[in-house]
A.B. asks: 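Could you have a look at this structure, given as structure tokens, before my questions?
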Amino acid sequence: MAPPPLSPNDAPLLRVRGLRIEFPTRRGTLVAIDDVSFDVARGEVLGMVGESGAGKSLTGAAIIGLLEPPGRIAGGEILLHGRPIHALPPAEMRRIRGRHISMVFQDPLTSLNPLLTVGDQIVETILTHKPIGEQAARRRAVELLEEVGIPAPDQRIDHYPHQFSGGMRQRVVIALALCADPELIIADEPTTALDVSVQAQIIALLRRLCREHHTAVILVTHDMGVIAETADRVAVMYAGRIAEIGPVREVVKQPQHPYTRGLMGSIPVLGAGSRRLVQIDGAMPRLTAIPSGCAFHPRCGEAFARCREERPELLAAGHARAACWLYAGDNAAERAR
Amino acid sequence: MNAPPVTPLLQVEDLRCTFDVSKPWLNRLIEGEPRRSLKAVDGVSFDITRGETFALVGESGCGKSTVARLVVGLYQPDGGRIVFDGEDPAQLDAARRQKLRRRFQMIFQDPYASLNPRWRVDRIIAEPIRVFGLMREDAQIRRRVAELLTLVGLSPADGTRYPHEFSGGQRQRICIARALANNPEFLVCDEPTSALDVSVQAQILNLMKDLQDEFGLTYLFISHDLAVVRHMANRVGVMYLGRLVEIADSRTLFEQARHPYTRMLLATIPDISMSGQARPAAQGEVPNPITPPPGCTFHPRCALADERCRREPPQLLPAGPARHAACHAVQEGRDAAPALRHDTD
Amino acid sequence: MNTQPHNRATPAVPPDEPVHTPSLLARMLDSDLWHSFVRSPVTVVSAVVALLYVLAALCAPLISPQNPFDPATLDLMEAFTPPLQANAFSGRTFWLGTDAQGRDIFSAILYGSRVSLLVGVAAVSFAALLGIGLGLMSGYLGGWVDALIMRIADIQLSFPAILIALLIFGVFKGIVPPELQDRVALYVLIVAIGLSDWVQYARTVRSSTMAEKNKEYVQAARVIGVPAPLILLRHILPNVMGPVLVIATIGLALAIILESTLSFLGVGVPPTQPSLGTLIRVGQDFLFSGEWWIVLFPGLALLILALSVNLLGDWLRDALNPKLR
């Protein structure tokens, strides 16, 4: 497949600016995502990593317009090709979904309709988005299944989801996401429900498809290993904010934000034997009690007065950007330490 | 297996467990289907020495959790023996079995399901103390619960709260406190951190190591995560479809795995050090355990499989120092070739 | 962050919130259940109505103008007095009129509600106890015990509840000597309604028990050798009671209606202790001779009672269902 022609302006494919997501509850409004900004370039794999409750899945859901009520976008903007899509009416958003942005969920079993053959589901999706006939759509469906590595696709196309194994089912879901040649795929924990030996296959598949189709991917996961293998850039989220964002190699090998450093150190590594793991004491704050200033300061060994009072912006830190006052200009001395 | 110099704390010999997965009687009658059974554990033997951590690792459905549940008596084996410190619980009368139970405990995977949501934390932790009749007076029990809470890094005041008020990591600490309440020597840990975030996992793994050092605990550690197993275990058994395929010292296993399945598992771990080396991708998926392949059950995914592998199930035999492997290729010395077919993915 | 290796078994992890244990009342007023309750006006109204009803029935001897079952207080001359009209002979006025024996309908309803509520509550308790017990055993033990209990339940479910109750009543009439029948009729009615209704408790409890028994907190108790009866009682039972509460509330309305139906058919409580159903049966004789109030008011009373309890049950079902929250 040839990559789609680049549009004349060199703006990023997706631009998220100051995104804020709120959940009104009877005990007050919870701010689940607070002032999150990032770009996704064409054909790029952006990893979004964080622990449960960090807001990584919510960010993905907001971009594709599938935020579960009562959650709502309370501020900021999401621009696709420079065009705001965060406040589109549902009908228009549906056209964007699938055609421009599609989604791969964690559990392949629940994202397929168990009563329809996989072929029916793929053909239906193709027909929704493309002006082609049913025969052509079916041929395209077989091609897609072959592309995602399903053996004997011309027979498997008439099978029902339960006749596929977990890994094969996730391949079908990926084929479904590719139906309309979207420019962006949001993959929310696509390997979490799979066995370890199958995870690696799915990661390799995602990488290859993204390269061949020149499709951008936002890969939402809690697994730093998957990010290291797959992503070009990574955004580390903490308590609804981006703690650090940068090229994956830099962030993984030389994390700058104290949280990222702790996170990387807490991952058991094969080569390291049984040394004691680095431990970040405490737990991520609940949304009801996000600390003032930098949300990480109560758990941070390097916090100082400013961290408690003032929320840090993303500041240049090495080759990445980190939301940490250690990297403010007047803290150069601290940084040198 | 060569006899270790000291008597092991736990000996598992030729353990077998089969589950009936047939449809209900009426359905079988009408649809004319035979009974179907699943050999969850199919002849597993291993020893655990006092003070060590023995890990069982494998993909879902390999039977590792079933072994854990057989060891603590949650399931009854269909064959084989479990001997704990020279005593076989199956041979004991109820009173002596209960006395033996006091010496082991279990930690479960899901910290959200392993605490009774209607019980206060102090009651949860005190349950083993009361069941085994270790203490009679309420004040004494209260002191012990406070001590246990402190031991696992919680505050004694947390005892008055309910499980839903705690995060996943804190709940797992409560589970550990409950497991330590009857001063066990042996802990069976079934995926104790796989439901937790990595930073919380680090806290729990560190805590478990500290407790092992402090109380001389012996662990049977079940996990699907090889990096966690490498971090925790002294010895490792790799399971595939109900059988042990390789068993070795942790170091030996992770540095020079010999069984093709172990090598495949090791190759699937995402490379977090970003060495940039291309890894051979794993092939295929675990087959349905109700209808496992004949011969060596791994042969459909194995690049080294030959006629013998398809026909004859391999035995777990010594394969070098401190290592046993169940593989014809290893025994025949033809495992030097790359064990994995390279995939285009 | 703590990068220093330390050898103590107690990493310093402060609890993330200060510990305070609020009082039971404070916890209740802050619970999701209470909030969903006060946010639903229909539920509040039905709760108030049901509560007033129960209070009125309990205090019937104190608030009713006459004791409708004491023949000494009845005056045949006051028979068939329409509501809110003065009786031609005694000049007394009755809110809801009187019946053929000069009995005040309002008082009769209050006393009748006592019987209806008593039978309803007792029958539901009996059915719930039986159903919970059998459901727990069925779900926890499985195997042939489960098969046996569930087949009995299936067979019973293929008959309408009223048929079962009638059948039990028929058997009772056959074996109890006639002079005792009036005295024990109330208890037989309770047993008959209870036996016709245990199945849904058993089924619900069985399926919840099967889900709970595989949860790890139950396994943790089994690992330390807690005997099965204690596991059922202390661990599983408290965790399966939510759905039972819902069924019991809706079941109360159904039991009251079933009791009225049986009494209406003449097989229920003896005429000396009329329930709402008995009042309706007696009243319908006069429907076509123009004395509409004799049947209308007991009917309305039954409707209001059943409706308010039912609405409460509906709300409870929705409030306890996590999927609808």
Side-chain angles (χ1 to χ4, degrees), chain B residues 24-25 69 72-74 94 97-98 101-102 104-120 124 127-128 130-132 150-161 163 165-167 169-170 173 175 178-179 181-182 188 190 203 206-207 209-215, chain C residues 1-24 27 30-32 142-144 146-148 150-151 154 208 211-228 230-242 322:
Chain B
W25 171 78
R69 282 167 164 70
V72 294
L74 283 174
R97 198 179 318 143
Q98 188 64 6
R101 274 203 189 105
R102 231 186 78 182
F104 53 81
Q105 260 286 15
M106 183 155 180
I107 302 170
F108 295 89
Q109 171 175 1
D110 182 356
Y112 291 87
S114 50
L115 301 173
N116 187 339
R118 310 251 163 203
W119 283 25
R120 259 170 43 171
I124 292 174
E127 192 185 22
R130 295 211 168 92
V131 168
F132 291 114
T150 319
L151 190 67
V152 298
L154 294 169
S155 129
D158 286 334
T160 59
R161 298 159 81 192
E165 298 173 60
F166 294 88
S167 66
Q170 289 172 320
R173 288 176 192 271
C175 293
R178 171 179 60 191
N182 49 308
V188 175
D190 185 14
Q203 295 173 4
N206 285 344
L207 174 65
K209 284 203 140 189
D210 292 338
L211 293 170
Q212 184 168 37
D213 293 345
E214 189 161 326
F215 299 109
Chain C
M1 197 174 34
N2 186 353
T3 51
Q4 295 298 311
H6 51 177
N7 301 320
R8 293 237 26 249
T10 51
V13 177
D16 53 4
E17 282 153 43
V19 179
H20 60 106
T21 314
S23 72
L24 189 66
R27 278 219 312 270
D30 195 41
S31 70
D32 290 332
W144 68 267
D146 178 36
L148 182 73
M150 283 302 116
R151 286 309 81 77
D154 285 344
S208 314
E212 293 297 322
K213 81 167 176 188
N214 288 323
K215 287 203 181 154
E216 293 171 343
Y217 72 87
V218 174
Q219 304 200 350
R222 286 178 55 205
V223 167
I224 56 172
V226 180
L230 282 186
I231 290 185
L232 281 173
L233 207 65
R234 290 191 189 157
H235 283 286
I236 295 182
L237 183 62
N239 284 295
V240 300
M241 283 307 283

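By convention in this document, chain letters (A, B, ...) are assigned in the order of the sequence lines, proteins followed by strands, and residues within each chain are numbered from 1. Treat the numbers as computed from the prediction; the structure is a model and nothing was measured.
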A.B. asks: Out of C:Gln219, C:Arg222, C:Lys215, which one racks up the most heavy-atom pairs below 4.5 Å with chain B?
C.D. replies: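 Among the listed options, the one with the most contacts to chain B is C:Gln219.
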A.B. asks: Measure up the C:His235 and C:Tyr217 rings against each other and bin them: parallel (under 30°), tilted (30 to 60°), perpendicular (over 60°).
C.D. replies: tilted
A.B. asks: Kindly indicate whether the side chain of B:Ser114, heavy atoms from C-beta on, has any atom under 4.5 Å from the side chain of B:Arg178.
C.D. replies: yes
A.B. asks: Among B:Gly73, B:Gly169, B:Pro117, which residue has the highest count of heavy-atom pairs closer than 4.5 Å to chain C?
C.D. replies: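 Highest number of pairs under 4.5 Å: B:Pro117.
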A.B. asks: Using non-hydrogen atoms only, which part of B:Arg130 is less than 4.5 Å away from chain C: side chain, backbone, both, or neither?
C.D. replies: neither
A.B. asks: If you measure from CE on C:Met150 to CG on C:Leu148, what distance do you get to the nearest 0.5 Å?
C.D. replies: 10.0 Å
A.B. asks: Tell me, for B:Gln109 versus chain C, whether the close heavy atoms (under 4.5 Å) come from the side chain, the backbone, both or neither.
C.D. replies: both
A.B. asks: Just by distance, with hydrogens left out, do B:Gln170 and B:Arg173 show a side-chain donor and acceptor under 3.5 Å apart?
C.D. replies: no
A.B. asks: Could you have a look at B:Val72, B:Ile107, B:Leu115 and say which one has the most heavy-atom pairs with chain C under 4.5 angstrom?
C.D. replies: B:Leu115
A.B. asks: Pick whichever of B:Arg102, B:Gln105, B:Glu127, B:Arg97 has the most heavy-atom pairs under 4.5 Å with chain C.
C.D. replies: B:Glu127
A.B. asks: Are the side chains of B:Phe132 and C:Ile224 in contact, using a 4.5 Å heavy-atom criterion?
C.D. replies: yes
